[in-house]
Amino acid sequence: MPERKTPREILAAAGALDKDIIAVSLHGRTVDLHTPIAATVSELKPIRATSPEGLAVIRHSTAHVMADAVQRLFPGTKVTIGPAIDDGFYYDFDKPGSGFTDEDLRAIEQAMLAVVKADSPFRRVTVTRDEAKRMFGAMGETYKGEIIDAIPEGEEISLYKHGAGPSEWVDVCEGPHVPSTGWLKAIKLTHVAGAYWRGDERNPMLQRIYGTAFPTAEALEEHLRLLEQARQRDHRKLGKELELFLFDEVAPAMPFFLPRGAFIYQRMVDYVRGLYSRYGYDEVITPQVFDPELFRTSGHLGHYNDNMYRLWTEDLLEKHPDGAKLRPGLQAEAFALKPMNCPSHCVIFGSKRRSYRELPWRMADFGRLHRYERGGVVHGLARVRSFAQDDAHIFCTREQVAGEITSFIALLHEVYRAFQFEKIDIKLATRPPADKRLGSDAEWDQSERALSEGLDRAGLKYEIAPGEGAFYGPKIEFHVHDALKRSWQLGTIQYDPNMPERFNLSYVGEDGKDHRPIMLHRAIFGSIERFFGVYIEHSGGNFPTWLAPKQAIVLTVSEKSDAYARQVVDRLRGAGLRLEADLSSDKLGAKIRNARLLRYPYMLVVGPKEAEADSVGVRSRDAGELGAMKVDELAARLLSESRPPAEGRADQGVH
RNA sequence: GCUGGCGUAGCUCAACUGGCAGAGCACCUGUUUUGUAAACAGGCGGUUAGGGGUUCAAGUCCCCUCGCUAGCUCCA
């Protein structure tokens, strides 16, 4: 057994120490540079400030310094937890009275800089459970007491201290930390938010301060620059600027699609519709408003009631002097706006006797759905109360499930490729705890296997999300991040033996007997609204020619060319292209600027020269100036770009 | 739903400790006839989200409602 030395000493002795190294990894565990351990140099893997692990060390140390500053500035504030996260850190505080203001953040930042300047070492000491309990008890740190209680028996309890004398600050913490506060070079507190203690909404709400930290001031600035760039792509901002959609208080969280946005929306739907004929789907159209009995059968009234819009008609009302009220006892009669399509599809399936020969039956529906989402969760197009899905339900036999999964994944892949999505996180959400699921273990084994086999056969990498499945069956989820790194689920395919049961659906098998079909819920876009929002950010609003609401704009050099411009517009429209003209009295430079801001794929400049030569001066949004082209030549080019990307033709799209 | 923040012209934003509601862009009109990222001038545009209160006086301070927003929780 080698003697206990600090990793810094060990590395230095071997000549392997440099100033980028801020911690080391020992058998997969990150440890301080300055806490003695028993190890040889060959066992130590250096962790550099620029690596994800190194950044986490810096950020977690910064969180300690912040908590120190907060407790000094706001006596009586209790600390809870303060981990490093993807691009920074946070610390949750229980602050008596009101929360933190922006001015508080600035003051805290200043106080932190003083701690950094003091360059005080982070010291690790281990204590017994009793010592720790007594110490934090005396300090009145009740949350820390709970944290200590939650540390498993037999595990070492360590404290980290920095500062000296009366300004010493201590936290119970696993570590590791940078050797001293002076190592923290670039710190920024970003915002405050509420957060429930232990993430449970029944617990008190704490004040969370978010911040970030980097090894250098340059790295921090680069990070802030990228954040700003992301804000520029926010779909809510682009939606307004590009006149795609708007929101109004008269219908909270329900988008109004303007002509340009509505065009793209319909084009997306048409595109999927086009694929449906190849993949064997039948589209249906179903009602919007239903007798609540339907949702009693489907189980929505029990599980989903809080999220449903209910309607009344005059005959359900009784007049009062102070206004009309729903007649007592009739609440249950109020019709409901559908939040999902599956019940309607079950009604269709069950409307006559079905044969195994009809299976698999893939029933598609672009019906509009309404869900009452709680006030705090709505977000641009990503979480709305009125939307449609590229929804379909596949009724099939148990044996057909795996094949259906494979075919669905192929379809989904084709669609995502068309929209230039390469990076999608896939999750397999498996069975919830036994008290929260239906069906036998054998059934779950089988349905989970069917989904994972489908993924494996498609050669896709995925993560298991244990316990995240629906109570009736597992699901595959496809997630992407928006510009501000919020994760959204787009597509999904879910295995559902439950709904056919509730609707008592059956088909006649080869054996002449009745059998229960399996139902697969599946969507590729998921919510078309959400997909559109994510796609706006993904493309930065630079929609490819096949999707762009207007593919080109004709710009006149002066009013002398108006007549020719109209002629060009007519000819290209006649060829089936979408375009408009800017015949205003602006100068050409201004017209180009406006057209660029609206991100037209092509600008067609026309003046006397072009009129003479039956041509247009072509400027492409993505490829710059292309020079003069004959009108017919241009028409051919635009037409070839107007078709949606198909398999084996990946030459189009966002640049 | 919870904790913070915000809400001023179509858009982006000003208006000091309470003291005459403003600018740029957009829009309309006129002048200019323009060659690859903003011509010039004039004009129109406001229940300062809505309601109540304090005050001689409220965009500004207080209360309620609505909406938006950062998070948390939720998303059978």
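Lettering follows sequence order; numbering is per chain, from 1.
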Does A:K240 put a side-chain nitrogen or oxygen below 4.0 Å from OP1 or OP2 of B:U12? yes
Going by the angle between their ring planes, with limits at 30° and 60°, are A:F525 and A:F531 parallel, tilted or perpendicular? tilted
Base versus backbone protein contacts along nucleotides 70-76 of chain B [heavy-atom cut-off under 4.0 Å; B, S, -]: SBBBBBB
How close or far is atom C1' of B:U69 from atom NZ of A:K237, stated in whole angstroms? 16 Å
Can you identify which nucleotide, out of B:U34, B:U36, B:A38, has its nearest atom closest to the A:R619 side chain? B:U36
Could you tell me whether a side-chain N or O of A:D104 sits under 3.5 Å from a main-chain N or O of A:T101, the two making a donor and an acceptor? yes
Given A:W488, which partner from the list A:H479, A:H379, A:H481 fulfils the ring pair (Phe, Tyr, Trp, His ring centres under 6.0 Å) test? A:H379
Mind checking the C1' distance from B:A26 to B:C13? Whole angstroms is fine. 14 Å
Each nucleotide in nucleotides 23-29 of chain B should get exactly one letter: B, S or -. Can you fill that in based on protein heavy atoms under 4.0 Å? -------
Atom CG of A:D94 and atom P of B:U3: how far apart are they, to the nearest Å? 14 Å
Under 3.5 Å donor-acceptor, A:K630 side chain and A:A613 backbone: yes
Using atom types as modelled and distance alone, determine if a side-chain donor or acceptor of A:R208 lies under 3.5 Å from a backbone N or O of A:Y91. no
Return the value, rounded to whole Å, for the distance between atom OH of A:Y91 and atom P of B:U3. 23 Å
Indicate, with a heavy-atom threshold strictly under 4.0 Å, whether A:E610 touches base, sugar-phosphate, or nothing. base
Between A:R516 and A:E501, does any NZ, NE, NH1 or NH2 come within less than 4.0 Å of an OD or OE carboxylate oxygen? yes
Atom C1', compared across B:A76 and B:G52: separation rounded to whole Å: 42 Å
May I ask you to check whether A:F214 and A:H223 place their ring centres under 6.0 Å from each other? yes
Taking atom types as modelled and ignoring hydrogens, do the side chains of A:S584 and A:D582 form a donor-acceptor contact shorter than 3.5 angstrom? yes
Are the aromatic ring centres of A:F256 and A:F247 under 6.0 angstrom apart? no
Hey, are A:T556 and A:K591 close enough side-chain-wise for a donor-acceptor pair under 3.5 Å? yes
Pairwise side-chain contact, A:L369 with A:R371, heavy-atom cut-off 4.5 Å (strictly under): yes
Taking B:U8 as the reference, what is the distance to B:A21 when you measure between their C1' atoms (whole Å, please)? 8 Å
Would you mind telling me which of B:U34, B:A38, B:U36 lies closest to the side-chain atoms of A:A590? B:A38
From CD of A:E559 across to P of B:G35 the rounded distance in Å is 14 Å
B:A23 and B:A14: how far apart are their P atoms, nearest whole angstrom? 16 Å
Figure out the CZ/P separation between A:R593 and B:A38, and round it to whole Å. 7 Å
B:G45 and B:U29, which share atom name C1', separated by this distance in whole Å: 15 Å
Mind checking A:T190 for me? I need base, sugar-phosphate or nothing, with any heavy atom below 4.0 Å counting as a touch. nothing
Side-chain N or O of A:K560 versus OP1/OP2 of B:U34: is the shortest distance under 4.0 Å? yes
Taking for each residue the nucleotide of RNA chain B with the nearest heavy atom, is it A:D102 or A:K609 whose nucleotide lies nearer the 5' end? A:D102
Nearest-Å distance, CD (A:E241) to P (B:G10)? 18 Å
5'-most contact on RNA chain B: A:T101 or A:S584, nearest heavy atom basis? A:T101
When rounded to the nearest Å, what value does the distance between C1' atoms of B:C72 and B:G19 take? 43 Å
Can you tell me how far C1' in B:U60 sits from the matching atom in B:G1, rounded to whole Å? 31 Å
Where RNA chain B forms stems, i.e. three or more consecutive Watson-Crick or G-U pairs with both distances under 3.5 Å: B:1-7 with B:66-72, B:10-13 with B:22-25, B:27-31 with B:39-43, B:49-53 with B:61-65
To the nearest angstrom, how far is A:L583 atom CG from B:G35 atom P? 17 Å
Considering every strand and a 4.0 Å limit on heavy-atom distances, what is the contact class for A:A251: base, sugar-phosphate, or nothing? nothing
Gap between atoms CD and C1', on A:E249 and B:G51 respectively (whole Å): 14 Å
For A:F257 and A:F532, take the angle between the two ring planes, folded into 0 to 90°, and tell me which bin it lands in: parallel under 30, tilted 30 to 60, perpendicular over 60. parallel
Verdict with supporting geometry, A:R202 and A:D200, salt bridge (charged side-chain N to carboxylate O under 4.0 Å, His left out): CA-CA 5 Å; A:R202 287 163 305 192; A:D200 189 327; 2.5 Å; yes
A:F543 vs A:Y535 aromatic rings, parallel, tilted or perpendicular, using cut-offs 30° and 60°? tilted
Could you tell me how far B:G42 sits from B:C6 if I compare only their P atoms? Round to whole Å. 37 Å
